Structures are given as C-alpha cells and as structure tokens.
Engineer: 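Sharing a structure with you now.
These numbers were taken from a predicted model, which means no experiment stands behind them.
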Protein chains: 2
Amino acid sequence: MKKSPTAVDDTSPAKEAGSRRKLTRAEEVRAKLADDIVDGKLSPGMPLDETEIAASYGVSRTPLREAIRDLAAMGLVETRPHRSAIVTRPSPEHLRQMFQVMAELEALCASLAAAHMSLSERRKLETIHEGLAQILKENDPSHYHVLNEKFHAAIYAGSQNAYLVEITLATRRRLSPFRRAQFLTAGRLAKSYKEHDLILVAILQGNRELAAETMRRHILTVEDSYEEYAGLKVT
Amino acid sequence: MKKSPTAVDDTSPAKEAGSRRKLTRAEEVRAKLADDIVDGKLSPGMPLDETEIAASYGVSRTPLREAIRDLAAMGLVETRPHRSAIVTRPSPEHLRQMFQVMAELEALCASLAAAHMSLSERRKLETIHEGLAQILKENDPSHYHVLNEKFHAAIYAGSQNAYLVEITLATRRRLSPFRRAQFLTAGRLAKSYKEHDLILVAILQGNRELAAETMRRHILTVEDSYEEYAGLKVT
DNA sequence: GATGATTTGTACGTATGTATA
DNA sequence: ATATACATACGTACAAATCAT
C-alpha cells in the first residue's frame, strides 16, 4: 500500500474486491493520474499533454490516451477533439450542485444503512469512529482524513446497494480536489467528529430519517468549510 | 433525426446543447454501439469482438477501442484485460438496486423541480403531458416512449442541477435495456399516464414531498412492470 | 498440460484538425 | 488571411496474453 493518503480507491469501472491481477499500462497510468488530480498535484485547468505525459511515465501515447478517456468519463478531466485534455475546473455553481447531490447521495446511504446495516458492519463502523476519536486527540489532519474516508465508505457499504456505492464514490472522487483543505480550517476536526457521532447514533438506532438528515447536514458543512477556505463564501 | 426511437441522447461525457461539430470516429462508433445496446440490438452477455466490429463499421481498432472504453465507463459493457468486452448483464439483484437508486434520483429531481422549475419549464412540461394524452388515445407504445423520455427529461432539467441531470440520465441509460418492454404489458400506458398526472400536479403545486413520493412510486412501478414481463416476479 | 491459433494491448508513423504568427 | 507549427486522431505492425485443441 504505497498509495497517497488522500487517494480514493476504486479507480476501476468494474472492480472486484481483492483481485490483484496484473494491470495494463493504461490502468497503471490512469490510477496515477487520477491520484494526482484527486490530491491536487495536478491543478484544475492544467492541460495534459499526451506526448509529454506519456514520456514521463515511459509508455506510448496509446495507453495514455485510453487512461485520459477514462478520466474524462469519471469527470476528472475534460476533453475536446483535437485539443489537450484539461483537469476539470468546475464553476462555483456547478460545484455547489455537485455538493448538493453528494449530500443527498450520502443521506440516502445513511438512511439505507440505518435500515439494513448488518451487525458486523455496525461494529466495524463503531470501531472506525473510535479510531477517529483517538486521532482527534492527537490533532492529526492527515490521518483523520484516511479514517474519515473509511467511516463514510462503511456507511455506503451498509446501504447494501452496490450501485449506490458506485455513484456515491464516483461523486466523492470528483469532489475530492475541492475538499482537500477542509480539515485545515480551524476546529473542523472536532466539529466533524461530533457530526459523525450524531450520524452513528442515528444509524445504530435504525432511525432512517435522522440518519439521513444528520448526514446531509454533515456534507453541506463540508462544502461550507471548503468555500470558507477557498474564499468563495459570501458570509 | 434518424436516431432510433428508443435511443437515449447525451451519449457524450461533456455535452453542449446544440453543438454540431464534426464527430470523431470514436464518437460515432460509440453512439452507434450505445444505441444498439440501449435498444437491445446487442443482447446482454454478448461479446464484442474488436476486429470484427471495427471492420463492420469501417474503422480501425484504435477508435473502436476508445469507444468500448467509454461504454465501459458508462456501465453499458464490462471489460477485463485481454478478454473481449461483453454487453453488461447485471444480476437480478443488481438490477433491483439500480432501480431503487433510479427511483430516488428521479424523486430528488421531482422534488427539486417542484421547488425550482421556471414558469416556461412548467409550461413545457404541461405541453409534453398533453402530447402524451393524445398518444394514449391512439394506443401507440413506440410514440409514447419517445415523449415519455421527454417528460422525465423535462423534470430532470427542472431540478436546476446539471450534475443531478447527468447522473440521472446516465442511470436511465444503463437501465434502458431492461425497461424496453414495459409498455408491452397490458394497460401500462394508461397507468403510466395517470401516474404522470399525479406527478405533474404535485410539481405545479410546488409540493416537494408529494412530487418526490409520486415519482418514486412511478419508477418502482416501471420496475415491477419489467419484472412481470421478464418473468422475474414472484407474485 | 503443452502448443498453436486467436484476440487484445502497445508502439509508432502518418493524417488531420487547431492554434498562432 | 494564409501559412506554419504543433497536438491530437487514426491506421498499421508487432508483442503479449488468452483460449482451444
């Protein structure tokens, strides 16, 4: 596991759990580029020169082009014929819309999880939450981020709906470049943990409405936090 | 407009409204393959031989491979390294999950539309609905289908959320191969129209909850209708 | 289980379209 | 506006992996 800490897994369209089959060059390059975009090493708006990048990864342009096409389908880059692909730079309005949908998707996950999560899944979620409490004490944003992803992923899985998990993760990945800074704003760590606590309780109680509502609020708070950091907020 | 009646538009990842720029070969082939899958000319499980299909379309394997990769990202085909891509054949369980998510996405669209639809959008929706009434009299399933798509698309647009529109349309496209037969079941046309009527009224009244609930029911009824037709239903 | 046939994955050269002087 | 430079789109050849016998 030498992936970057901020990497969102499941870069593949159709993914099997632990299958460690040999990757094609196109898949390798796609994974690397996706990570670089998700954790901000490639900034929104930046053009991706095929020849240049292919050379830098030591592959020909063919697999690189396939990788870029996948990234375009994921929404991470935008392509137009005969022009370089560029890292997606959504307008503030489009970003707002994506956060709104993200909030609803996660709320739906939470609601379904409250209804259908298995006992072992509930225990696992609690364990992750306790881990977050530990990290909170040490005030370590980067470690918090990793476990935070797991907390949310555990709730997605609890929905017992693979398709919902798929589109929720895909949306999360698209938003990742714009959520990175969230834990840098003052006191966000502690607030996030408290929100998680409310969500966890609601899910464990099997209260679907409450789970949905607390999760929705949690996500929209993340958006606020980003806007605050990025200086987009009017407030 | 010589596209097949059942074709779901917006095959492109990033689409501009009326931009009629010259398509690349990869885009042309992708559009054709997507249509063929969506309206069932290519059956789930069928392998797509690259050499064969490339020859049949008169293009080389390079653009064809790019097209297949896009289809894989859309979920219309499944690919595994060094194996032929096959038209996606979801399990009954996975199909159920997709319909569940579809119902929630459309319900969200309807809810947001009830809150935010513009006056001209409302009028357009009414016009479409009246067109459906006309077609209903003539009992013409194929024409009903075309306008039915427009009815739903109009509601998506009314949500004022481009990202929601994007993923809802994408989900609809993925489900299309499994919804084709819905209007063949007895009386489905008339029932569908009545459901639309309830949805329309709720939206025009600005009743978000009711709009969501009537839409959710409508979609799940479509699923039932498919299952009935496909013989999957236990009832 | 090994070997040949078949199909996919990759490299590279040329054609074509875009941007800029 | 025309031409030139440059990046992408596509075709073809070969390598590598799968499958069929």
Engineer: Starting at CZ of B:Arg25 and ending at P of D:dT12, how long is that distance when rounded to a whole Å?
Structural biologist: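 For the pair B:Arg25 CZ and D:dT12 P, the rounded distance is 11 Å.
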
Engineer: To the nearest 0.5 Å, what is the distance between CE (B:Met98) and CG (B:Leu105)?
Structural biologist: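 Answer rounded to 0.5 Å: 10.0 Å.
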
Engineer: Could you tell me the separation between the CD atom of B:Glu50 and the P atom of C:dG9, rounded to a whole number of Å?
Structural biologist: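 It works out to 6 Å between those atoms.
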
Engineer: Nearest-Å distance, CZ (B:Arg30) to P (D:dA9)?
Structural biologist: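 To the nearest whole Å, that distance equals 12 Å.
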
Engineer: Return the minimal non-hydrogen interatomic distance between A:Pro44 and A:Thr88, and the atom names on each side.
Structural biologist: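 Shortest heavy-atom separation between A:Pro44 and A:Thr88 comes out as CB-O, 3.4 Å.
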
Engineer: Residues in ring pair (Phe, Tyr, Trp, His ring centres under 6.0 Å) with B:Phe151, at least two apart?
Structural biologist: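 With neighbours one apart ignored, the set is B:His129, B:His196.
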
Engineer: Let me know the distance between CG of B:Asp49 and P of C:dG9, rounded to the nearest Å.
Structural biologist: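 In whole Å, C:dG9 P lies 12 Å from B:Asp49 CG.
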
Engineer: I need the CG-P distance between B:Leu23 and D:dT8, as an integer number of Å.
Structural biologist: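 The distance from CG of B:Leu23 to P of D:dT8 comes to 19 Å, rounded to the nearest Å.
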
Engineer: May I have the distance from A:Glu27 (atom CD) to D:dA17 (atom P), rounded to whole angstrom?
Structural biologist: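 Computing the A:Glu27:CD to D:dA17:P distance gives 13 Å.
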
Engineer: To the nearest angstrom, how far is B:Glu66 atom CD from C:dT8 atom C1'?
Structural biologist: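 Rounding to the nearest Å, CD of B:Glu66 and C1' of C:dT8 are 15 Å apart.
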
Engineer: Start at the 5' end of DNA chain C and walk down; is the nucleotide closest to A:Arg83 or to B:Leu48 reached first?
Structural biologist: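 Of the two residues, B:Leu48 wins.
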
Engineer: With a non-hydrogen cut-off below 4.0 angstrom, is A:Ile68 in contact with a base, only sugar-phosphate, or nothing?
Structural biologist: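 The answer is nothing, as A:Ile68 stays clear of every strand by at least 4.0 Å.
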
Engineer: Can A:Glu104 and A:Gln100 be said to form a side-chain hydrogen bond (donor to acceptor under 3.5 Å, both in side chains), step by step?
Structural biologist: CA-CA 6 Å; A:Glu104 294 299 333; A:Gln100 182 181 22; 5.9 Å; no

Engineer: Could you check whether A:Lys124 pairs with A:Glu121 (Lys NZ or Arg NE/NH1/NH2 to Asp/Glu carboxylate O, under 4.0 Å)?
Structural biologist: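 A salt bridge is absent here (no side-chain N lies under 4.0 Å from a carboxylate O).
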
Engineer: Within the distance-only criterion (no hydrogens, no angle test), does the side chain of A:Thr168 pair as donor or acceptor with the backbone N or O of A:Leu164 below 3.5 angstrom?
Structural biologist: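 A pair under 3.5 Å: yes.
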
Engineer: Please tell me if B:Arg65 has a side-chain N or O lying less than 4.0 Å from either OP1 or OP2 of C:dG9.
Structural biologist: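 B:Arg65 to C:dG9 OP1/OP2: side-chain N or O found under 4.0 Å.
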
Engineer: Of A:His82 and B:Arg80, whose nearest nucleotide on DNA chain C comes first from the 5' end?
Structural biologist: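 Looking at the nearest nucleotide for each, B:Arg80 comes out on the 5' side.
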
Engineer: Taking side chain as C-beta onward, heavy atoms only, is B:Arg172 less than 4.5 Å from B:Tyr156?
Structural biologist: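 A side-chain contact under 4.5 Å exists here.
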
Engineer: What residues in residues 54-64 of chain A put a non-hydrogen atom under 4.0 Å from any atom of DNA chain C?
Structural biologist: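 Contacting residues: A:Val59, A:Ser60, A:Thr62, A:Pro63.
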
